[in-house]
2 protein chains.
Amino acid sequence: MGERILIIEDEQKIARVLELELQFEGYETGVAHSGTDGLILYREQQWDLILLDVMLPGMNGLDVLKRIRATEYDTPVLLLTAKDAVSDKVAGLDLGANDYITKPFEMEELLARIRVTLRFRKKETLEEADPYLFTVGQLTVHTQMREVSWRGEQVELTKREFELLAYFAAHPKQVLTREQILDAVWGYDYYGDTNVVDVYVRYLRQKLDTELIQTVRGVGYVLKEG
Amino acid sequence: MGERILIIEDEQKIARVLELELQFEGYETGVAHSGTDGLILYREQQWDLILLDVMLPGMNGLDVLKRIRATEYDTPVLLLTAKDAVSDKVAGLDLGANDYITKPFEMEELLARIRVTLRFRKKETLEEADPYLFTVGQLTVHTQMREVSWRGEQVELTKREFELLAYFAAHPKQVLTREQILDAVWGYDYYGDTNVVDVYVRYLRQKLDTELIQTVRGVGYVLKEG
DNA sequence: GTGCATTCTCACCATGTTCTAAGAAATAGC
DNA sequence: GCTATTTCTTAGAACATGGTGAGAATGCAC
């Protein structure tokens, strides 16, 4: 399912070419031929990227950008500027545009910039997520608030139980040996039997779900998303 | 006129590249090659953002951050950390860093994070929230007027009680250990048992509400909004 | 110095948590 | 199907933790 790109460009011919090329690449597109129409479409629907021509009749592209940035959403905006309009580029970047490309442009270059912007955006939103929060399927572990929820329900855990689960959540889909778990959760200086791990895994299974932490016979346990 | 960015980075080459790139983007820059120099520059001039390398010879980047945060100014700090230094990241965020980026990084990504941080900052200061006022649910703590109200009612607290509550209010929904609390409220040079914290939590619970500050067994306490 | 408010220490108790150990159940190899 | 190995389950003993009240120490105002 393609990402959605909004094209705000007054020259019908260019707009049409952009639309066709982008659709050919698998994106969904929307077109507006003026700044005001662009803003309306921007507000009405959800977009992953906006291609914005700076030279628009009536409301200028930079004005459009300003209004877009005034809203909460920070959808990436790629500016289309005239070759030598340096001031436009600078102003555009200052207003929060993510990148610009000068007209006339090679389609290939535009596509590359779009790909980079979208890819980058994805990474950014992923990494900017709360670093204390781990999510595996229906399971949510917040290591700072020390809260755990399973299928939307909050679950109360003891200290050990929490630390064990947090370790699993930080290493989802990885088979963890009892030794690894003991080292990480109980500490490298822990003596005693590895059976504690079994017992605590059981506690977690009781409080959460039997399926969540699976046994890998002869090796250890894995947290799999339910 | 560009925003001012202070770069604290010991590797000359990296520092130089950062400086050039940032200047190209229109920022004003300052460079320090050690933690101590960085702190001096930080105090001498006004900065909009600080790029801080965690791995510094002599005074560690986290120490620098700690001292920066010990002052009133809350200039945004962006940490440069090694790829797998998870503990540094967490420690950094705990100390009040606004974001981090792992080395080696793409210039584009760094620039984007700088833009985001500065933009966010601007928005935040525009909103001009009273920096002395903390509100958590029905609780209101004004650290300058030293006033506390709970469910609209004014509450009288002693000095210690107030400082403890203010610390909780400044870190809502975060589980705080007794050690953290002792360091912050009683001072790092406090001797004596951590049981004082328990006692004062009890005082607060008596004067406010039993539910407000919750015990997290084996860990510490959390302030949750009632 | 006296009186009062505040801060802190201490020790007990109830309760919650962690861990051990041993038999039951499940699984894999032959 | 039998045996050996591994995992699950259970109960309870040992331990740790936080709540609590009383009072000692401290600071402060008059």
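This is a predicted model, so every value here is computed, not measured.
- Here the C1' atom of nucleotide C:dG16 and the CD atom of A:Glu156 are 13 Å apart, to the nearest Å.
- In this structure, A:Gln206 places its CD atom where more than 12 heavy-atom neighbours from other residues, nucleotides or ligands lie under 6.0 Å away.
- On a pure distance criterion of 3.5 Å, a polar donor-acceptor pair joins the side chain of B:Tyr203 and the base of C:dC8.
- Between the base of C:dC10 and the side chain of B:Asn195 there is a donor-acceptor pair shorter than 3.5 Å.
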| request: I would like to know whether A:Asp198 and A:Thr215 meet side chain to side chain contact (heavy atoms under 4.5 Å, CB included); could you show each step before the answer? | output: CA-CA 10 Å; A:Asp198 299 37; A:Thr215 308; over 6 Å; no
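- Nearest-nucleotide positions on DNA chain C for A:Leu157 and B:Tyr200 put B:Tyr200 closer to the 5' end.
- OP1 and OP2 of C:dT15 both lie 4.0 Å or more from every side-chain N or O belonging to B:Arg217.
- Taking atom CG of residue B:Asp193 and atom P of nucleotide C:dC8, one finds them 12 Å apart after rounding to whole Å.
- When the P atom of C:dT18 is taken as reference, atom CH2 of A:Trp186 falls 9 Å away, rounded to whole Å.
- In this structure, the side chain of B:Asp48 engages the main chain of B:Arg4 through a donor-acceptor pair within 3.5 Å.
- Residues A:Val199 and B:Gly220 both approach DNA chain D. Their nearest nucleotides, taken by heavy-atom distance, put A:Val199 toward the 5′ side.
- One cannot find a donor-acceptor pair under 3.5 Å joining the base of D:dT9 and the side-chain atoms of A:Arg202.
- Across all strands shown, A:Arg160 has heavy atoms under 4.0 Å from sugar-phosphate atoms exclusively, and none from any base.
- The nearest whole Å value for the distance from the CD atom in B:Glu161 to the P atom in C:dT7 is 6 Å.
- Residue B:Gln206 contributes atom CD, which lies 18 Å from atom P of D:dG18 at whole-angstrom precision.
- More than 12 heavy-atom neighbours from other residues, nucleotides or ligands sit within 6.0 angstrom of CD on B:Gln154.
- For the pair A:Tyr221 OH and D:dT6 P, the computed distance is 13 Å after rounding to whole Å.
- Regarding contacts with the backbone of D:dG19, a side-chain N or O of B:Thr215 is found under 4.0 angstrom from either OP1 or OP2.
- Atom C1' of nucleotide C:dC13 and atom CG of B:Asp198 are separated by 15 Å, given to the nearest angstrom.
- Distances shown here put every side-chain N or O of A:Thr158 at or beyond 4.0 Å from the OP1 or OP2 atom of C:dG16.
- Between A:Arg178 and D:dT7 there is a side-chain polar atom (N or O) within less than 4.0 angstrom of OP1 or OP2.
- For A:Tyr191 against C:dC19, a side-chain-to-base donor-acceptor contact under 3.5 Å is absent.
- Closest of all the heavy-atom pairs between B:Arg205 and B:Tyr221 is NH2-CE2, 4.0 Å.
- The interatomic distance linking B:Glu163 (CD) with C:dT6 (C1') rounds to 13 Å, in whole Å.
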